[in-house]
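First comes the structure, then the notes that go with it.
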Amino acid sequence: MNGNVIVGQSGGPTSVINSSLAGVFKTAKDRGANKVYGMLHGIKGLLDKQYVDLSETLNSTMAIDLLKRTPSSYLGSCRFKLPEITKDKTTYEKIFEILNELNIKYFFYIGGNDSMDTIQKLSDYAKIINSDIKFMGVPKTIDNDLAITDHTPGFGSAAKFIAATMKEIIRDGHVYDYPTITVVEIMGRNAGWLTAAAALAKSDDCEGVDLIYLPEKVFDVEHFLTKIKDLSKTGKSIVVAVSEGVRVADGRFVFELAEHVEFVDAFGHKQMSGTAKFLANKVTAELGTKARAIELSTLQRCAAHMTSRTDITEAYNVGGAAVKAAFEGETGKVVVLKRVSDDPYMCITETADVSKIANIEKKIPLEWITDDDYVTQDLIHYIHPLIQAELSPIMVDGLPRHLKIAK
């Protein structure tokens with residue numbers, strides 16, 4: 001083939017994002033790529049000429065197998081927003097100068113909404129200057145909020161971890177002969193897919209969580225307290241799953257109702273933390289009941305010991321599909337998953353124009369959220385196939401082995 005390949009990772013990591021990287025690398029090499037470069041810390045790192053030749057580290061089947069099982073972003077990540085082309089062409093000129101120096105003909109970016117914004121801008125600029133470099137987006141996000149695709153790689157494993165963890169928290173709550181309240185905060189700024197996964201904990205060996213609160217609906221603190229008070233009358237322990245991004249009627253996040261230190265990233269996203277703590281403190285203060293707050297935080301996205309085999313396989317497949325599409329001439333596209341069967345579960349890959357995905361959030365349909373602070377069976381049925389099967393870690397000395405990049 002003519003030219004080299006470069007790949008980067010951006011945004012929040014997942015436990016299977018490196019499986020997509022492995023899919024890009026292995027497929028590119030199998031199709032004749034000379035060099036496959038990896039950007040260190042995404043597009044921001046590329047601007048600083050930080051990159052590595054992946055052939056030097058992914059030089060064996062064992063290395064690739066370890067990479068697939070390694071959580072977080074092997075190449076490092078960034079939250080860097082490219083400027084509008086009309087306002088700053090200098091940045092784009094520098095990027096394309098570096099790409100041309102490396103003889104890059106295929107550019108792959110693994111990420112979520114904001115990363116697809118990068119692909120859209122770079123592919124648009126390539127058209128302006130008549131560059132023949134192909135730009136492809138590879139989907140990734142535990143939030144499952146990308147448009148068009150049935151779901152996103154990373155979501156299934158995070159959902160599996162959440163459902164399993166909720167079962168364990170529920171069991172722990174039944175230790176004592178008096179009720180306790182546990183509020184579990186789960187990631188999800190504007191979309192509640194991850195929090196909805198808590199509903200999967202309910203099974204023949206588990207009572208399930210009692211209440212689920214999602215960002216798609218306005219949160220009422222007084223209504224919440226009333227529900228907790230009523231449930232407390234049953235004498236049993238109560239477990240609540242709440243999205244970090246739930247908002248009250250005036251538009252404020254619930255965590256903003258308490259004192260907090262605010263951090264805002266390059267894309268204008270506020271750091272989310274403190275929702276569960278605020279609600280647990282509110283329960284104790286208003287109802288005089290013992291309450292505990294648990295933030296799953298980064299555990300949701302780095303628990304590689306709890307990956308779904310379905311998820312890690314699809315993550316690898318979308319990386320490979322992106323290479324195939326680019327090598328066949330597509331550009332300005334994103335690989336998406338299309339569910340063609342529920343029983344047995346089956347998804348295929350397709351491509352969609354990046355302009356229909358970048359900066360667009362897919363939220364849970366309101367008809368999948370019940371009026372009694374829970375979710376419907378349709379939503380559970382949608383998530384359930386994505387958590388199936390396991391891929392065991394490669395264990396060394398009693399602990400999982402990961403692949404670490406030499407920088």
Side-chain angles (χ1 to χ4, degrees), residues 6-14 17 20-21 37-51 72-73 75-99 104 107-129 131 133-149 152 154 187-191 215 244-245 253 261-273 298 301 322 331-335 352-363:
I6 195 164
V7 57
Q9 299 169 309
S10 182
T14 79
I17 186 173
S20 291
L21 175 60
Y37 292 102
M39 294 172 248
L40 299 180
H41 301 292
I43 195 70
K44 183 176 183 296
L46 181 65
L47 280 163
D48 295 328
K49 293 190 175 184
Q50 296 184 51
Y51 50 81
S72 189
S73 302
L75 294 171
S77 187
C78 69
R79 293 193 184 276
F80 183 81
K81 187 177 180 64
L82 284 176
E84 297 301 320
I85 296 172
T86 55
K87 295 182 179 179
D88 179 8
K89 288 186 179 180
T90 303
T91 298
Y92 294 90
E93 290 170 353
K94 184 175 181 180
I95 290 172
F96 277 77
E97 179 182 327
I98 295 169
L99 295 178
I104 300 299
F107 181 108
F108 302 96
Y109 214 39
I110 308 170
N113 280 309
D114 297 332
S115 303
M116 297 310 111
D117 175 75
T118 297
I119 286 293
Q120 181 171 3
K121 288 173 177 173
L122 291 174
S123 59
D124 286 347
Y125 187 77
K127 292 176 184 176
I128 293 172
I129 64 172
S131 170
I133 300 174
K134 310 302 181 190
F135 293 89
M136 291 292 299
V138 182
K140 169 266 354 167
T141 174
I142 64 170
D143 294 321
N144 195 41
D145 60 353
L146 286 188
I148 300 181
T149 188
T152 53
M187 285 181 173
R189 182 182 306 275
N190 298 314
E244 62 185 2
F253 290 110
V261 177
E262 191 166 289
F263 172 79
V264 180
D265 69 16
F267 290 87
H269 301 152
K270 293 181 180 180
Q271 182 175 339
M272 315 292 283
S273 179
T298 54
R301 69 189 195 192
T331 189
K333 300 288 186 66
V334 181
V335 175
D353 194 297
V354 67
S355 64
K356 297 179 181 178
I357 295 177
N359 303 308
I360 300 172
E361 286 183 313
K362 178 182 71 178
K363 299 183 179 181

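Two residues are said to be in side-chain contact when any heavy atoms from C-beta on lie closer than 4.5 Å; V335 and V138 fail this criterion. Between L122 and I133, the closest side-chain pair of non-hydrogen atoms is not below 4.5 Å. Using a 4.5 Å cut-off on side-chain heavy atoms (C-beta onward), I357 and I119 make no contact. Between L47 and I95 the shortest side-chain heavy-atom distance falls below 4.5 Å.
Residues Y109 and C78 come closest through the heavy atom pair OH-SG, 3.7 Å. Looking at every heavy atom in both residues, T141 comes nearest to D145 through CG2-OD1, 3.7 Å. Considering every non-hydrogen atom in both P215 and G245, the closest pair reads CB-O, 3.8 Å. Contact record, G112 with L146: C-CD2, 3.7 Å, taken as the closest heavy-atom pair. Closest non-hydrogen pair, S72 versus P13, comes out as CA-CB, 3.6 Å. Nearest approach of A147 to K356, heavy atoms of both residues: CB-O, 3.8 Å.
In this structure, OG1 in T118 is found 8.0 Å from NZ in K81, a value given to the nearest 0.5 Å. The line from CG of N144 to OG1 of T149 is 8.0 Å long, rounded to the nearest 0.5 Å. For the atom pair CE (M39) and OG (S77), the distance works out to 11.0 Å, reported to the nearest 0.5 Å. Here CD of Q50 is found 6.0 Å from NE2 of H41. Values are rounded to the nearest 0.5 Å. Between the OH atom of Y51 and the CG atom of L40 there is a distance of 10.5 Å, given to the nearest 0.5 Å. Atom OG of S273 and atom CE of M187 lie 9.5 Å apart (nearest 0.5 Å).
When the salt bridge (charged side-chain N to carboxylate O under 4.0 Å, His left out) test is applied to K49, the partners found at least two apart in sequence or on another chain are E101. Scored by the side chain to side chain donor-acceptor pair (under 3.5 Å) test, T298 finds no partners at all (sequence neighbours excluded). With sequence neighbours excluded, the residues forming a side chain to side chain donor-acceptor pair (under 3.5 Å) with E361 are N190, listed by chain and number. Residues satisfying the salt bridge (charged side-chain N to carboxylate O under 4.0 Å, His left out) criterion with K333, sequence neighbours excluded, are E330. D48 meets the side chain to side chain donor-acceptor pair (under 3.5 Å) test with no other residue; sequence neighbours excluded. Residues forming a salt bridge (charged side-chain N to carboxylate O under 4.0 Å, His left out) with K121 (at least two apart in sequence, or on another chain): E84, D117.
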Next on the checklist: One pair to check against side-chain contact (heavy atoms from CB on, under 4.5 Å): F253 and E244. What are the steps and the verdict?
Outcome noted: CA-CA 8 Å; F253 290 110; E244 62 185 2; over 6 Å; no
Inset, instruction - Check the pair I43 / F107 against side-chain contact (heavy atoms from CB on, under 4.5 Å), numbers first and verdict last. - result: CA-CA 11 Å; I43 195 70; F107 181 108; 4.1 Å; yes
Y92 and L82: CA distance, side-chain angles, deciding distance, side-chain contact (heavy atoms from CB on, under 4.5 Å) verdict | CA-CA 9 Å; Y92 294 90; L82 284 176; 3.5 Å; yes
**OP:** Verify side-chain contact (heavy atoms from CB on, under 4.5 Å) between I360 and I148, making sure each step is shown before the conclusion.
**Re:** CA-CA 10 Å; I360 300 172; I148 300 181; over 6 Å; no
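A distance-only check finds a donor-acceptor pair linking the side chain of Q9 to the backbone of L75 [under 3.5 Å]. A donor-acceptor pair under 3.5 Å is formed between the side chain of K140 and the backbone N or O of S10. In terms of modelled atom types and a separation under 3.5 Å, the side chain of T14 and the main chain of I17 share a donor-acceptor contact.
Between F96 and F135, the ring centre distance stays below 6.0 Å.
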